[in-house]
Number of protein chains: 2
Amino acid sequence: MKKTRDQLLDIAERHFAIYGFAGATLRGIIKDAGTNVASIAYHFGTKEDLFQAVLERFAKPVVSQQLSKLETELQSKNLKLRNVLLAFYEPPMKMAHSLGKKGEILSLFLGRSQTEPEPVFNEVDKHYADCRDQFIKAFERALPGLTKEDYHWRFEFMLSLIVCFLTRQKQIRGRYETRTDWNPDEAINRMISFCESGF
Amino acid sequence: MKKTRDQLLDIAERHFAIYGFAGATLRGIIKDAGTNVASIAYHFGTKEDLFQAVLERFAKPVVSQQLSKLETELQSKNLKLRNVLLAFYEPPMKMAHSLGKKGEILSLFLGRSQTEPEPVFNEVDKHYADCRDQFIKAFERALPGLTKEDYHWRFEFMLSLIVCFLTRQKQIRGRYETRTDWNPDEAINRMISFCESGF
DNA sequence: ATAAAATTCAATCATATGATTGAATCATAC
DNA sequence: GTATGATTCAATCATATGATTGAATTTTAT
């Protein structure tokens, strides 16, 4: 039997992903988790504390995977843009795919975390700030000679592709494909190719 | 005089853009609009009806501008990809910029409308469905020889850039720029160049 | 000017929500 | 086994929310 705390995190993650911060309700969460309202207060505190806990649990691993992959690439003398892009795209995409239904939730949450207007999501930016800096530095090394502004714009464009893919994948796939499964490698490749040319 | 109705639409638009559908409250809206809760019921009906009215008012003009620009381009014997992209990007970007503060709201709304999970936003897709089909057809003409899937992916990527730009522009600009104003032409050009290579 | 229609308003309803409390239950150490 | 602390629970609070009503006010048409 799963611990209440973990169960709550799983369900809360799903609800925040699907309904957003404002749209998710503690009662909806505890109902799905089969527990009591007070258990949230006991384990986490307020609704916002719960959200931060969810964020902490999933954002950190993804970012650290991205950074460690990037680190590996940086060792190489001949840093290739394509490999930097791969280091960025692969962790979240693979995770989103490998986890199946849960990955769908996670990716939705990840995508939403970039677009939600709620103040709580400002915290998200902090989680990603260091990651962004590192990748922009890598871009400068892989593709020297551009202006600071160029790198920022292109990083944003690169990020846009995956944010929208993750946030909208269900609608997109529903529109374009019949099959319910998707190929992460194809998606990654398409994103990388698109960006590589764009850069 | 339809003063109250328009006022409500303006304020509601802002609130939906900033707080999302679930986060926006009728009381918050009527307080800013300086009117009464019942006025919403009178002029629109339910909260969802109000949302649809907001959507109707702003989405239609943008889409119709995009389509009419595209129509013009389609007249040309030698259809250029760049011009198709311009037809897509210019209307929402110009509108977002020219309206200043209000444009910021509109663009936030526009961006959010592509990522919100709420069922109400499913309606948004209908508004854009025809527009998407037309542009994909134009892509096929401007850049023949690709598979159906290719066009869909690239359309999504193109869309991603502007969705994320509009949704995140404030955060982005806050991070990268000191000045509060922005240059729509520069943004449009950067998007087009990035896509043109990607295609 | 006046009646009818359109619009606005204060008051209220029923429910939902985040949060808190104190008692009950469970797990663990001794 | 029992005492202690950790965890769960039902009950409750205060407020917020979407919606509705009927009276008051304003606008419009004649």
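To find a chain, count down the sequence lines: A is the first, B the second, and so on, and within it residues start at 1. All figures in this text were calculated on a predicted structure; none of them were measured in a lab.
Computed from coordinates, the A:Phe44 CZ to C:dG18 P distance equals 15 Å when rounded to whole Å. Rounded to an integer number of Å, the gap from CD1 of B:Ile40 to P of D:dT21 is 17 Å. A straight line from NZ of A:Lys47 to P of C:dT17 spans 9 Å, rounded to a whole angstrom. Regarding B:Glu48, its CD atom lies at a distance of 18 Å from the P atom of D:dT17, rounded to whole Å. The interatomic distance linking B:Lys31 (NZ) with D:dA16 (P) rounds to 11 Å, in whole Å. Between B:Gln7 atom CD and C:dT7 atom C1' the separation is 15 Å, expressed in whole Å. Rounded to an integer number of Å, the gap from B:Leu50 CG to D:dG18 P is 10 Å. The CD1-P distance, from A:Ile29 to C:dA16, rounds to 17 Å in whole Å.
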Using a cut-off of under 3.5 Å, enumerate the N/O to N/O pairs linking the protein to nucleotides 7-12 of chain D.
unit_1	atom_1	unit_2	atom_2	d
D:dT7	OP2	A:Tyr42	OH	2.4
D:dT7	O5'	A:Tyr42	OH	3.1
D:dT8	OP1	A:Thr4	OG1	2.2
D:dT8	OP2	A:His43	NE2	2.6
D:dC9	OP2	A:Thr35	OG1	3.3
D:dA10	N7	A:Asn36	ND2	3.0

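A:Tyr151 does not carry A:Lys137 over the face of its six-membered ring by the limits of under 6.0 Å from the centre and within 45° of the normal.
Checked by atom type and distance alone, the side chain of B:Ser197 pairs as donor or acceptor with a backbone atom of B:Ser193 at under 3.5 Å. One N or O on the side chain of A:Arg141 and one on the backbone of A:Leu74 form a donor-acceptor pair closer than 3.5 Å. Not a single donor-acceptor pair under 3.5 Å links the side chain of A:Asn189 to the backbone N or O of A:Glu186.
With sequence neighbours excluded, the residues that form a side chain to side chain donor-acceptor pair (under 3.5 Å) with B:Lys69 are B:Glu90.
When each of D:dT17, D:dA19, D:dT20 is scored by its nearest atom to the side-chain atoms of B:Ala41, the top-ranked nucleotide is D:dT20.
Between B:Phe21 and B:Phe16, the angle of the ring planes stays under 30°, which puts this pair in the parallel group of the 30/60° scheme.
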